[in-house]
There are 2 protein chains.
Amino acid sequence: MSLSRISRKLDLSITTVSRALGGHSDVSSATRARVEAEALRIDYRPHEGARRLRRGRADAVGLILPTGIGRFDDPFFLRLLSAVGPALAEAGLDLLVSSAPPGDAELAAYRHMVEGRKVDAFLLARMRVRDARVDYLQNAAVPFVAHGRSSSKRPYAFVDTDGTQVVAQATSRLIGFGHRSIAFLAASGDLSFSIARESGWRQALTEAGLIATAIFQAEPTEAGGFDAMHALLCSVAPGDLQVSAVVCATDRMAVGVLHALAETGLRAGRDISVIGFDDHAFSTHTAPPLTTIAQPIEAAGRRMVAMLTQILAGADPETLFEIMSAQLIARASDGPAAEQSRIETTKGQTL
Amino acid sequence: MSLSRISRKLDLSITTVSRALGGHSDVSSATRARVEAEALRIDYRPHEGARRLRRGRADAVGLILPTGIGRFDDPFFLRLLSAVGPALAEAGLDLLVSSAPPGDAELAAYRHMVEGRKVDAFLLARMRVRDARVDYLQNAAVPFVAHGRSSSKRPYAFVDTDGTQVVAQATSRLIGFGHRSIAFLAASGDLSFSIARESGWRQALTEAGLIATAIFQAEPTEAGGFDAMHALLCSVAPGDLQVSAVVCATDRMAVGVLHALAETGLRAGRDISVIGFDDHAFSTHTAPPLTTIAQPIEAAGRRMVAMLTQILAGADPETLFEIMSAQLIARASDGPAAEQSRIETTKGQTL
DNA sequence: TTTGAAATCCGAAACCTTTCGGATGGACTG
DNA sequence: CAGTCCATCCGAAAGGTTTCGGATTTCAAA
C-alpha cells in the first residue's frame with residue numbers, strides 16, 4: 001500500500017516509482033524528482049518483508065552471544081556490539097542478536113536463524129580451535145566473518161588480534177625485569193585467543209632459554225583467576241613460591257589473580273608481577289593498576305562488517321582476513337623481580 | 001516455494017497445508033498428520049518475509065544500546081541481553097539490536113526500526129527522567145517495556161529495581177557503623193536509577209537526623225568515580241576530610257573511588273567506607289572486596305519479555321509493571337567509622 | 001427421499017516489492 | 001521516407017503466506 005500510493009498520486013506506474021526510487025537509469029530526472037519529493041512528503045519506507053520476499057535475502061546478519069558457565073558479562077562483546085551496530089546500519093543491514101551456551105543449544109540457535117532465513121550472514125566471536133559453528137556454516141554455505149581463528153579445513157574470513165606477538169613482547173618485558181619463572185594462566189576450554197596468547201608466552205620463554213612449564217588454567221572470569229591463583233599460593237609454604245610473575249589470558253582473570261595475591265599479603269608489581277589482556281575499563285583502576293594489553297576491538301568490529309559487505313557482494317571469503325596488532329599498556333602491576341624469587345628460581349620451574 | 005511444495009507432494013491445496021500447520025480446526029486429523037509428517041521430512045520453515053508481508057507484523061523486537069560518552073561496556077546490558085535472548089526466542093520473537101549515543105542519533109535509530117517496520121515493539125533500558133524515547137514511542141503507538149521509570153504523562157509498562165529502598169538500607173547500615181557524614185556519588189545526566197538511589201540515601205540520612213548535602217556527581221564509569229573522589233580528596237588537607245563513607249550509584253564508579261582512595265593511602269573499609277550498586281562480577285575481587293547491592297537483572301529481563309508478549313497479545317501497557325527488590329551484599333569495603341572522622345563531622349557536613 | 005448441517009477442503013485475492021520483457025514516441029541516419 | 005536507436009515508461013508475474021468466502025461430500029434427521 002505504498003509504492004502504489006505514490007504511483008496513484010503521481011499518475012505513474014508502480015514500476016516507474018520503484019525504479020525511480022531504486023536509482024535506475026531508465027527514468028527521466030524530472031520524474032525521478034517528482035517521485036522523490038512525494039516519497040519524502042509521505043515519508044515512504046519500503047516494506048522490509050515484501051522486499052525480502054521478492055529479493056530472497058534478509059538484509060540482516062546474526063550474532064549469537066556465547067553465554068558462559070555461570071554469569072555472562074564479558075565487556076568484550078559489548079564493545080564489539082557497539083562498534084558493529086552503527087557500521088551495520090550504515091551498510092543497510094540489521095543485526096539479529098541471540099544468546100546461547102556453547103554446545104547443542106548454540107548450534108540450534110544458528111540453525112534457527114539460518115532455516116528461518118532470518119539472516120544472510122553471521123558474525124562470529126570467541127572462536128574455539130575446533131569450532132562446530134564453522135563446520136555448520138561452511139556446510140550450509142552461509143557466509144560469516146569471525147573474530148579469531150580456528151582450525152578448519154577450509155579457510156574463512158576473519159579479523160584477529162596478534163595475541164602471540166604481543167604476549168611474547170609482554171613476557172620479554174618480564175624477563176627483562178629479571179623474572180625467571182613466569183607462569184601463564186590460560187583460559188579453560190579450547191578458546192583460540194587463549195592458545196595464541198599462550199604460544200606467545202612460550203615463545204618468549206624459549207627464546208630466552210627458559211622452560212615454559214608453569215602453565216595452569218581456569219575459567220576466563222575473575223573467579224577463575226582468583227581460584228587458580230589461590231590454589232597455587234596455598235600449594236606451597238609462604239616464601240617458597242617459585243613463580244614470580246603471571247601472564248593472564250584475560251583482564252578478568254588478572255583481576256582475580258590480583259585479589260588472591262592481596263588476600264595473601266603479596267604485593268602485585270613488587271612481590272609478584274601480573275599482566276592482563278584486553279585493557280578493559282576497570283583495569284586502569286585495579287589495585288595496583290593493571291599492566292595489560294589493549295586490542296582494537298572497535299576497529300576489529302568495523303573491519304568485520306566491511307568484510308561482510310564484501311562477501312555479500314560476492315567476494316571470496318577465503319581471501320579476506322586481517323591480523324591486527326595489540327599494544328602493551330604498562331601500568332603498575334608488574335616490575336623488577338624481587339631478589340628472593342630471582343634466587344629461588346634456580347631450584348626449578350615447575351609447580 | 002515451500003507450502004506449495006508440500007501441497008504438491010501430498011496432493012492438497014496450499015490453503016489446507018497452511019491451515020493444517022497453523023493448527024486450524026477445519027482440517028481432518030488424518031490430513032493434518034500427513035502434512036506434519038511431510039513438513040518434518042523436508043524440514044519446512046515458513047518464509048519470514050512472506051509471513052511478515054501477509055500478517056503485517058515483524059515478530060521482532062528492538063533494543064538499542066545507549067553508547068556512552070567514551071567507551072561503552074557496562075556489564076548491565078550484557079546481562080540483560082543474555083537473559084532476554086532465550087526468553088524472546090521462546091516467544092517466537094527476534095531481537096534486533098543497534099547502538100547509538102543518547103540524543104538525536106538515538107531517536108533516529110528508533111525511527112529507523114519503526115518506520116522500516118522492522119520491529120513490533122521495543123525493550124528500553126537505562127531510562128532517563130525526561131526520556132524522549134518514551135514520548136516518541138507513545139506518540140507513534142509502538143509498544144514497549146522499559147527497565148526503569150521516567151516521568152511521562154502516560155504510564156507505561158516497566159520493570160524496575162527498588163533502588164530507593166535498598167540504598168536507604170545500605171545507608172542505614174553505614175549510620176549504624178557510626179558514620180555521620182555519608183556522601184552520595186550520583187551518576188551524571190538525568191539517569192533515573194541514579195536519582196532513585198540518591199533519594200534512598202537522602203531518606204535514610206534524614207530519618208537519622210543527618211543532613212544530606214554531601215552529594216557530588218560524575219559519569220557512571222570507573223574513570224568518573226576516580227576523578228570525583230580524587231578531586232574530593234585533593235580539595236582538603238589530609239586528615240581534614242569530612243566524609244567518612246561514600247555510597248556510589250554504580251559498582252563501576254565505586255571501583256574508581258576505591259582506586260582514588262588507595263592512591264592517597266586511605267584504606268577503604270577502615271578509613272573510609274564505600275558501597276556500590278550492581279554486584280558485577282568484578283566487585284567480588286576489588287581491593288577490598290566491594291560491599292554492594294545485587295539487583296536481579298536476569299529476572300527483570302525475563303519479566304520484561306513476559307510483559308511484552310502480553311502487550312502484543314492485547315494487554316494494556318498501563319497496568320503492567322513490577323518493582324523488584326535488590327539485596328545488600330556485605331563485603332569488606334565498609335565498616336565502623338574511624339574515631340577521627342566521627343569527631344570531625346561535628347564541624348559540618350558540606351564539602 | 002429430501003433437507004440441512006457439519007466436516008473438509010480449496011480458489012483466489014491480498015500483502016508490497018522487484019524485474020523481465022516489452023511498448024511508445026520521438027529523433028536521427030541513410 | 002523507411003529504418004534505427006534511444007529515452008522513458010509500463011504490464012504482468014513472481015516471491016510465500018494467510019484468509020475470505022465458498023464448494024463439495026457425508027451423514028443424520030425429517
Side-chain angles (χ1 to χ4, degrees), chain A residues 1-39 42-60 92-94 113-120 312-313, chain B residues 1-39 42-60 92-94 114-120 312:
Chain A
M1 187 58 152
S2 242
L3 271 189
S4 68
R5 194 165 135 204
I6 299 182
S7 78
R8 270 199 310 276
K9 171 94 176 186
L10 263 36
D11 226 359
L12 287 168
S13 76
I14 294 181
T15 302
T16 302
V17 175
S18 172
R19 298 185 73 77
L21 260 17
H24 291 247
S25 62
D26 60 350
V27 24
S28 73
S29 46
T31 307
R32 189 192 307 280
R34 283 206 306 145
V35 170
E36 277 168 353
E38 176 66 9
I42 68 167
D43 198 26
Y44 166 78
R45 309 287 163 131
H47 187 291
E48 291 288 331
R51 174 173 274 186
R52 283 171 193 190
L53 174 56
R54 170 65 222 204
R55 303 218 273 214
R57 52 199 169 89
D59 283 331
L93 262 14
D94 291 339
M113 286 198 187
V114 169
E115 289 166 356
R117 301 177 197 75
K118 292 169 190 293
V119 299
D120 301 320
L312 255 16
Chain B
M1 187 62 152
S2 240
L3 272 187
S4 68
R5 193 164 136 204
I6 299 182
S7 79
R8 269 200 310 275
K9 171 93 175 187
L10 261 37
D11 227 359
L12 288 166
S13 76
I14 293 182
T15 301
T16 303
V17 175
S18 172
R19 297 186 71 78
L21 260 17
H24 292 247
S25 62
D26 61 349
V27 26
S28 72
S29 47
T31 307
R32 189 192 308 280
R34 284 206 306 146
V35 170
E36 277 168 352
E38 177 65 10
I42 69 167
D43 197 24
Y44 165 78
R45 309 287 163 128
H47 186 291
E48 291 289 332
R51 172 173 277 185
R52 283 171 193 189
L53 173 57
R54 170 65 223 204
R55 302 217 272 211
R57 50 198 170 91
D59 283 332
L93 260 17
D94 291 339
V114 170
E115 289 166 355
R117 301 179 198 74
K118 292 168 189 292
V119 299
D120 301 322
L312 256 14

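None of the values given here were measured: they were computed from a predicted structure. By convention in this document, chain letters (A, B, ...) are assigned in the order of the sequence lines, proteins followed by strands, and residues within each chain are numbered from 1.
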Which heavy atom in B/A50 sits nearest to a heavy atom in A/L53, and how many Å separate them? CB-CD1, 3.8 Å

Side-chain N,O (B/S13) to OP1/OP2 (C/dG11) below 4.0 Å: no

Identify the heavy atoms of B/D59 and B/R52 that sit nearest to each other, and give their distance. O-NH2, 4.4 Å

Those residues that, when tested against B/I14, pass side-chain contact (heavy atoms from CB on, under 4.5 Å) (two or more places apart): B/L3, B/S4, B/S7

Treat primed atoms plus P, OP1 and OP2 as sugar-phosphate and everything else as base, then score nucleotides 22-28 of chain D 5' to 3': B for base contact with protein heavy atoms under 4.0 Å, S for sugar-phosphate contact only, - for none. -------

In whole Å, I'd like the distance from the CD atom of A/E48 to the P atom of C/dC15. 19 Å

Considering all heavy atoms of both residues, which atom of B/S2 and which atom of A/R117 are nearest to each other, and what is their separation? OG-NH2, 4.2 Å

For A/D11, which residues count as a side-chain contact (heavy atoms from CB on, under 4.5 Å) partner, sequence neighbours excluded? none

Is there a donor N/O on one and an acceptor N/O on the other, under 3.5 Å, for the side chain of A/R54 and the base of C/dT17? no

B/R55 vs B/L12, nearer the 5' end of DNA chain C by closest nucleotide: B/L12

Please work out if A/I14 contacts a base, only the sugar-phosphate, or nothing of the nucleic acid, heavy-atom cut-off 4.0 Å. base

In whole Å, what is the span from the CG atom of A/D59 to the P atom of C/dC16? 19 Å

Without swapping roles, check the side chain of B/H47 against the backbone of B/G49 for a donor-acceptor pair under 3.5 Å. yes

Nearest whole Å is fine: how far is C/dT8 P from B/D11 CG? 19 Å

Take atom CG of A/L3 and atom P of D/dG15, then tell me their distance rounded to the nearest Å. 19 Å

Shortest non-hydrogen contact from A/L10 to A/V35? CD2-CA, 3.7 Å

Listed in order of residue number, which residues of residues 17-25 of chain B have a non-hydrogen atom at under 4.0 Å from DNA chain C? none

Examine C/dC16: is either OP1 or OP2 under 4.0 Å from a nitrogen or oxygen in the side chain of A/Y44? Give yes or no. no

Report the distance from atom CG of A/L10 to atom C1' of D/dC9, rounded to the nearest whole Å. 14 Å

Not counting sequence neighbours, which residues clear side-chain contact (heavy atoms from CB on, under 4.5 Å) with A/R54? List them please. none

Considering just the side-chain nitrogens and oxygens of A/R51, establish if one lies under 4.0 Å of OP1 or OP2 belonging to C/dT18. yes

Starting at atom CZ of B/R57, determine the distance to atom P of C/dC16, rounded to an integer number of angstrom. 16 Å

Would a 4.5 Å heavy-atom cut-off, applied to side chains only, mark A/V17 and A/E38 as touching? no

Taking side-chain contact (heavy atoms from CB on, under 4.5 Å) as the test, write out the residues that go with B/V27, two or more places apart. B/A20, B/T31, B/R32

Walking DNA chain D from its 5' end, the first of B/L53 and B/T15 to be reached, judged by nearest nucleotide, is B/L53

Between C1' of D/dT19 and CZ of B/R52, the distance in whole Å: 20 Å

Would you mind reading off the distance between B/H47 atom NE2 and C/dC15 atom P, rounded to a whole angstrom? 19 Å

